[in-house]
**Q** 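First the structure, which I've put down as structure tokens, then a few questions once you've had a look.
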2 protein chains.
Amino acid sequence: MRKPRPTPAPPAAAKRPERRVTSYDVALLAGVSQSAVSRCFKPGASVSKATHERVMKAARCLDYIPNAAARSLITRRSNLVGVIISSLAGPEALAELSRQITQRGKRALLFTPTRENELDTILSEVWQYQVDGVIAAASLSERQVAQFARRRVPLVMFNRGAHGPAVNAVVCDQAAAARLLVSRLAEAGHRQFALIDGPQDCADAQQRLLGARMRIAELGLPVPAVVDGHGDYASGGNGIRAIIAQLGRVPDAVICGKDVAAIGCLDTARHELGINIPGKMAVAGCDAVEASAWLSHKLTTLRQPIQKMAQAAADLLSGLIDNRDAAPQQRLFNAQLVEGATARLDTPDSRDLALRLALNKHGLLTI
Amino acid sequence: MRKPRPTPAPPAAAKRPERRVTSYDVALLAGVSQSAVSRCFKPGASVSKATHERVMKAARCLDYIPNAAARSLITRRSNLVGVIISSLAGPEALAELSRQITQRGKRALLFTPTRENELDTILSEVWQYQVDGVIAAASLSERQVAQFARRRVPLVMFNRGAHGPAVNAVVCDQAAAARLLVSRLAEAGHRQFALIDGPQDCADAQQRLLGARMRIAELGLPVPAVVDGHGDYASGGNGIRAIIAQLGRVPDAVICGKDVAAIGCLDTARHELGINIPGKMAVAGCDAVEASAWLSHKLTTLRQPIQKMAQAAADLLSGLIDNRDAAPQQRLFNAQLVEGATARLDTPDSRDLALRLALNKHGLLTI
DNA sequence: TTGTAGGCGTTATCAA
DNA sequence: TTGATAACGCCTACAA
């Protein structure tokens with residue numbers, strides 16, 4: 001048996017490690033037991049109205065707030081969700097994930113790996129903090145994914161290639177979207193393609209370009225020029241220069257793994273190389289960042305439903321936290337083609353028709 | 001007295017709330033006491049080499065990781081740093097803060113208020129999690145700031161107007177930078193200014209525009225046109241239209257509280273209103289976002305040393321955590337003028353000189 | 001509905 | 001250097 005507090009409370013000023021306000025203090029002031037206080041802070045617990053009021057008043061008076069660490073120790077719930085996100089994954093996803101996690105009464109504990117090899121260090125911290133689950137928008141090795149299973153920590157992969165059907169994942173069908181993009185560009189008459197690769201550790205960009213290459217091959221188009229990139233603005237500019245050097249001519253269409261690179265490519269092509277876009281060359285991105293819609297870019301790109309995906313990830317994780325034995329699932333979303341002004345996407349025929357309609361609208365032509 | 005574990009370990013499979021691996025399990029396997037295990041995980045504790053090895057081997061064997069919640073309970077250190085950041089503050093700041101916090105052996109617990117009134121809710125959660133300190137890139141009321149002092153939780157304001165000298169803050173001298181911008185624009189001959197305001201809850205944007213207005217007044221220039229904005233792309237476009245309607249003419253120079261709005265203004269002016277920039281009108285932003293440097297914008301703007309500021313914030317907070325009674329300090333940084341291509345910043349004289357030099361360089365003129 | 005008592009997993013203290 | 005023991009602050013049967 002142990003005495004709740006050695007010093008009842010008032011004469012506790014001499015202690016060095018400055019005492020915090022605890023539920024015992026509140027109980028003392030309210031004239032109830034400590035467990036009564038505890039129950040008052042648990043939604044749906046059985047407490048009389050009178051007790052509840054007295055306790056809450058005392059709590060307010062003392063600025064009492066329950067200690068999450070102590071609670072998590074006994075309940076085995078930290079209400080913490082680890083979010084592992086490499087900076088390349090885009091700020092919109094992070095903001096949206098944070099919001100969704102908060103809505104479900106949990107908090108995002110942020111892990112931002114800068115290099116691949118940091119991931120093991122990060123994981124060991126993840127375990128320490130006893131997170132209830134993890135949403136990972138970073139590339140985990142199979143060994144790392146296996147650790148989650150062994151420790152029984154629910155994991156949801158976000159927008160990353162899932163390692164087999166045993167892993168929970170929310171993904172956008174990048175390959176399908178890229179295939180669609182190639183098909184549309186090909187229909188419109190583009191034949192010589194070029195690809196500016198995204199960063200190696202960005203699985204979604206890799207998926208997109210893989211899909212594009214396959215579709216190009218299927219359609220029997222010329223072998224595309226491919227250059228590496230890091231997904232940043234400079235990569236786009238350097239990329240288009242390298243492509244032209246490689247092909248010995250300007251390609252018909254350039255597809256970039258990342259929008260920012262696509263904008264870099266677009267700007268360099270227009271302002272430094274003097275290439276008419278979309279007249280002479282088409283440029284397309286793949287992830288519809290905010291800037292892609294700006295008037296000076298109007299980039300043709302692929303929009304992923306990030307909000308819905310974040311919501312799905314949070315839902316999926318919540319479910320797993322409440323029922324760790326739920327069957328793993330993959331939720332697949334489709335990207336949507338954003339028809340900007342950097343690529344001709346219409347077939348020659350439909351373009352004629354559109355032109356005629358436009359002229360007709362201005363009264364210049366009668367159909 | 002209490003027995004470490006009711007069930008020694010092997011036959012513990014029947015328990016429902018599935019036991020975790022604890023330091024007791026490691027101790028049992030290594031044949032030492034539990035406190036010996038604890039000491040092995042504390043850097044600089046006095047343990048014999050032999051014991052250390054045995055314990056570590058057992059720990060690896062059992063996948064043991066210390067429980068941060070239990071540790072934080074007794075040490076009163078959670079190693080958690082609350083980061084309160086409104087989405088408007090920019091992703092670069094968040095990434096940099098996260099990195100700096102990690103480098104100091106702590107973790108960022110993310111709080112992203114979407115509306116002002118959410119802040120009180122957020123703070124009550126901050127207290128629950130027993131964070132060691134908070135970096136706030138959001139506007140806190142004086143009452144809210146006072147709560148930090150009362151609870152003795154170190155607080156560092158990041159890029160937000162400090163509430164008096166008693167608050168720790170890392171700020172960039174926005175007003176001074178804006179004054180410089182106005183001065184340079186005025187020297188170059190711009191007289192009629194217009195301002196597109198940032199969001200109300202974005203104190204740095206407010207500071208910048210305040211500085212600009214004061215300098216405009218000091219120089220005896222015409223009263224500037226001022227329109228409200230939210231700091232987003234659309235605000236820039238709407239803003240410039242409203243300004244022209246208000247003035248009845250195109251202003252000489254537009255200064256925007258946020259770069260993204262400035263780009264919106266620039267694009268709309270160029271592509272929709274057909275205004276020659278910088279010939280007919282100057283456009284300037286204030287926070288040097290990544291896109292401002294792109295070739296299609298080349299925005300004249302003000303660069304804040306975000307990396308240094310994040311480092312300073314993390315340093316300051318670390319110091320406060322180790323010594324809560326340290327005197328509060330403000331660390332002030334200066335913004336740097338980025339001379340883009342959206343504003344003439346040279347005086348008429350120097351422009352002539354520059355022109356002559358340029359022509360001379362091409363052999364078209366001899367000085 | 002309320003109080004008692006034990007335990008969550010760790011670190012800190014102190015004697016051996 | 002090591003081990004026993006007492007916190008840390010809370011939740012939760014169980015009994016009243």
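Numbers restart at 1 for each chain; the letters A, B, ... are given by sequence-line order, proteins then strands.
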**Q** Could you check how far CD1 of A:Ile74 sits from C1' of D:dA7, rounded to whole Å?
**A** 15 Å
**Q** Looking at every strand, decide which applies to B:Ser48 at a 4.0 Å heavy-atom threshold: base, sugar-phosphate, or nothing.
**A** sugar-phosphate
**Q** Can you see if the side chain of B:Ser35 gets near the phosphate of D:dG3 - specifically, an N or O under 4.0 Å from OP1 or OP2?
**A**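 No, because none of the side-chain N or O atoms of B:Ser35 sits under 4.0 Å from OP1 or OP2 of D:dG3.
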**Q** Is any side-chain N or O of B:Arg76 under 3.5 Å from a base N or O of D:dG9, one able to act as donor and the other as acceptor?
**A** no
**Q** Could you tell me whether the phosphate oxygens of C:dG9, OP1 or OP2, come under 4.0 Å of any side-chain nitrogen or oxygen in B:Ser23?
**A**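 So the side chain of B:Ser23 is outside the cut-off, no N or O lying under 4.0 Å from OP1 or OP2 of C:dG9.
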**Q** Would you say the base of C:dG9 and the side-chain of B:Arg19 have a donor-acceptor pair closer than 3.5 Å?
**A**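 Side chain to base: no pair present.
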**Q** Please classify the nucleic acid contact of A:Ser38 as base, sugar-phosphate, or nothing, using heavy-atom distances under 4.0 Å.
**A**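 Since a base atom lies under 4.0 Å of A:Ser38, the category is base.
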**Q** Between B:His52 and B:Ala70, which residue's closest nucleotide on DNA chain D lies nearer the 5′ terminus?
**A** B:His52
**Q** Base, sugar-phosphate, or nothing for A:Val37, non-hydrogen atoms under 4.0 angstrom?
**A**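 Nothing: the residue A:Val37, judged by heavy atoms under 4.0 Å, touches no strand.
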**Q** Roughly, in whole Å, what's the span from CG in A:Leu28 to P in C:dG3?
**A**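 Atom CG in A:Leu28 sits about 13 Å away from atom P in C:dG3.
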**Q** Starting at the 5' end of DNA chain C and moving along, which residue's nearest nucleotide shows up first, A:Gln34 or A:Lys49?
**A** A:Lys49
**Q** Considering every strand and a 4.0 Å limit on heavy-atom distances, what is the contact class for B:Ser72: base, sugar-phosphate, or nothing?
**A** nothing
**Q** Specify the separation, in whole Å, of atom CG of B:Leu73 and atom C1' of D:dC10.
**A** 8 Å
**Q** What's the closest nucleotide to the side chain of A:Thr22 if the choices are D:dC11, C:dA12, D:dG9?
**A** D:dG9
**Q** Is B:Asp325 salt-bridged to B:Arg152, going by a charged N under 4.0 Å from an acidic O?
**A**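 Salt bridge flag = yes for B:Arg152 with B:Asp325.
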**Q** So which nucleotide from D:dT12, D:dG9, C:dT10 ends up closest to the side chain of A:Asn67?
**A** D:dG9
